[in-house]
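No hydrogens, no waters, no symmetry mates; every other heavy atom, side chains included, goes into these values. Here is the naming used below: chain letters follow the sequence lines, and residue numbers restart at 1 for every chain.
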Amino acid sequence: SRFTTFDNRKWQTNQVTYRIENYTPDMSVAEVDNSIERALQVWAKVSPLRFTRIYSGTADIMISFGTRNHGDSYPFDGPDGTLAHAFSPGPDIEGDAHFDDDEYFTFSSTRGYNLFLVAAHELGHSLGLSHSNDPGALMYPVYSYTDPSTFSLPRDDVNGIQYIYGPNPDV
Amino acid sequence: LPISPPTEEDEVLAETYLKRFFNLTEETGPTARRGPSQRSRKVSEMQTFFGLQVTGTLDAETVTMMKKPRCGVPDVQP
């Protein structure tokens, strides 16, 4: 239970929709799309969750970039510090992921903050995971760069998502 | 070397950090006067979470951890 939120939030279906509401100027649209898609596949690979992108209306997971006061009760803090946040599963703002656009997000560079890594962490929250105190876990609260091209989900995170949703039935 | 006390800036940073991530609240009522302060207890809770030496005080490694870029979701549940 250490993996879940205090109220054990989870999606009641394994078919989850997402929508990218806007984009950061730091990267191309294709790079943002690719980063988000790969971040979701990190979780799909080890669980029964399947993600479908929609381009209008309200998705389960609404993904957006904003700065300072950006429409919820948790303002961002400018460069560095807090990079992003996300809400556990549920209606409306629940499940959504917000990225602080005062950060410099990157696709593959070690400069700035790698969007794929930050998104994979935040989407873990959008699926119901809380923070891990395992420094090697993706769900550890502090950012650390690892090469996205060789990224493999740490065991602690696999245990967490499978505690909530079970294993991937397709493997 | 003598340990340098935390700066005013570190104190403000710590207060904001502990409120945001470890549910530090304004101390009121009897708990405000008894035993280690809530602030000290919350520093210890943060040090325990991150595997730091648990001192309950704003030592250098604790302040360093508080300055690292991170996710904005709290580390403890309400």
Side-chain angles (χ1 to χ4, degrees), chain A residues 1-9 66 68 70 72-88 96-100 102-105 112-114 117-145, chain B residues 3-28 31 36-78:
Chain A
S1 63
R2 72 176 177 85
F3 299 111
T4 60
T5 58
F6 71 100
D7 48 2
N8 292 308
R9 295 278 189 93
R68 301 292 181 179
H70 56 278
D72 63 23
S73 312
Y74 307 95
F76 285 133
D77 53 3
D80 301 319
T82 299
L83 307 180
H85 57 222
F87 300 85
S88 49
D96 295 357
H98 299 165
F99 296 83
D100 183 354
D102 276 329
E103 313 303 345
Y104 180 63
F105 289 112
Y113 300 104
N114 182 271
L117 295 172
V118 177
H121 174 104
E122 297 307 331
L123 291 166
H125 290 308
S126 299
L127 300 175
L129 286 173
S130 55
H131 277 151
S132 169
N133 60 3
D134 174 345
L138 175 63
M139 293 312 290
Y140 189 66
V142 174
Y143 175 87
S144 67
Y145 178 83
Chain B
I3 297 174
S4 54
T7 64
E8 176 62 28
E9 180 191 342
D10 291 345
E11 292 284 355
V12 172
L13 165 84
E15 193 86 0
T16 305
Y17 190 96
L18 294 170
K19 281 179 179 172
R20 181 147 204 184
F21 301 117
F22 285 85
N23 292 332
L24 174 67
T25 55
E26 300 304 337
E27 270 195 300
T28 56
T31 57
S37 71
Q38 186 201 162
R39 216 299 281 273
S40 172
R41 292 197 306 273
K42 288 299 183 181
V43 171
S44 298
E45 191 176 346
M46 179 251 178
Q47 290 167 332
T48 302
F49 181 90
F50 285 105
L52 305 176
Q53 186 182 355
V54 179
T55 62
T57 61
L58 285 182
D59 47 51
E61 71 167 353
T62 300
V63 173
T64 300
M65 179 61 79
M66 288 178 169
K67 292 178 176 176
K68 290 188 175 183
R70 57 160 293 156
C71 170
V73 172
D75 297 321
V76 292
Q77 316 268 359

Identify which of B/Gly51, B/Pro74, B/Cys71, B/Gly72 forms the greatest number of heavy-atom pairs closer than 4.5 Å to chain A. B/Cys71
If I measure from the heavy atoms of chain B, does A/Phe87 come under 4.5 Å with its side chain, its backbone, both, or neither? neither
Which portion of A/Pro75 sits near chain B, non-hydrogen atoms under 4.5 angstrom: backbone
Relative to chain B, which of A/Asp134, A/Asp100, A/Thr82 shows the most heavy atom pairs under 4.5 Å? A/Thr82
Quick note, salt bridge (charged side-chain N to carboxylate O under 4.0 Å, His left out) partners involving residues 72-88 of chain A, not counting sequence neighbours, are none
Taking side chain as everything from C-beta outward and backbone as N, CA, C, O, which of these in A/Glu122 sits under 4.5 Å from a heavy atom of chain B? Side chain, backbone, both or neither. side chain
Where at least one partner belongs to residues 37-78 of chain B, residue pairs that pass ring-ring contact (aromatic ring centres under 6.0 Å, His included), sequence neighbours excluded: A/Tyr140-B/Phe50
Of the non-hydrogen atoms in B/Gly56 and B/Val43, which two are nearest, and what is the gap between them? C-CG1, 3.6 Å
So what's closer than 4.5 Å to chain A heavy atoms on B/Phe21: side chain, backbone, both or neither? side chain
Rounded distance (nearest 0.5 Å) linking atom NE2 of A/His121 with atom NE2 of A/His131: 3.0 Å
B/Thr62 side chain to B/Leu58 backbone, donor-acceptor under 3.5 Å: no
Could you look at A/Ser132 and say if it's the side chain, the backbone, both or neither that has a heavy atom under 4.5 Å from chain B? backbone
Hey, does B/Asp75 have a side-chain heavy atom less than 4.5 Å from the side chain of B/Met46? no
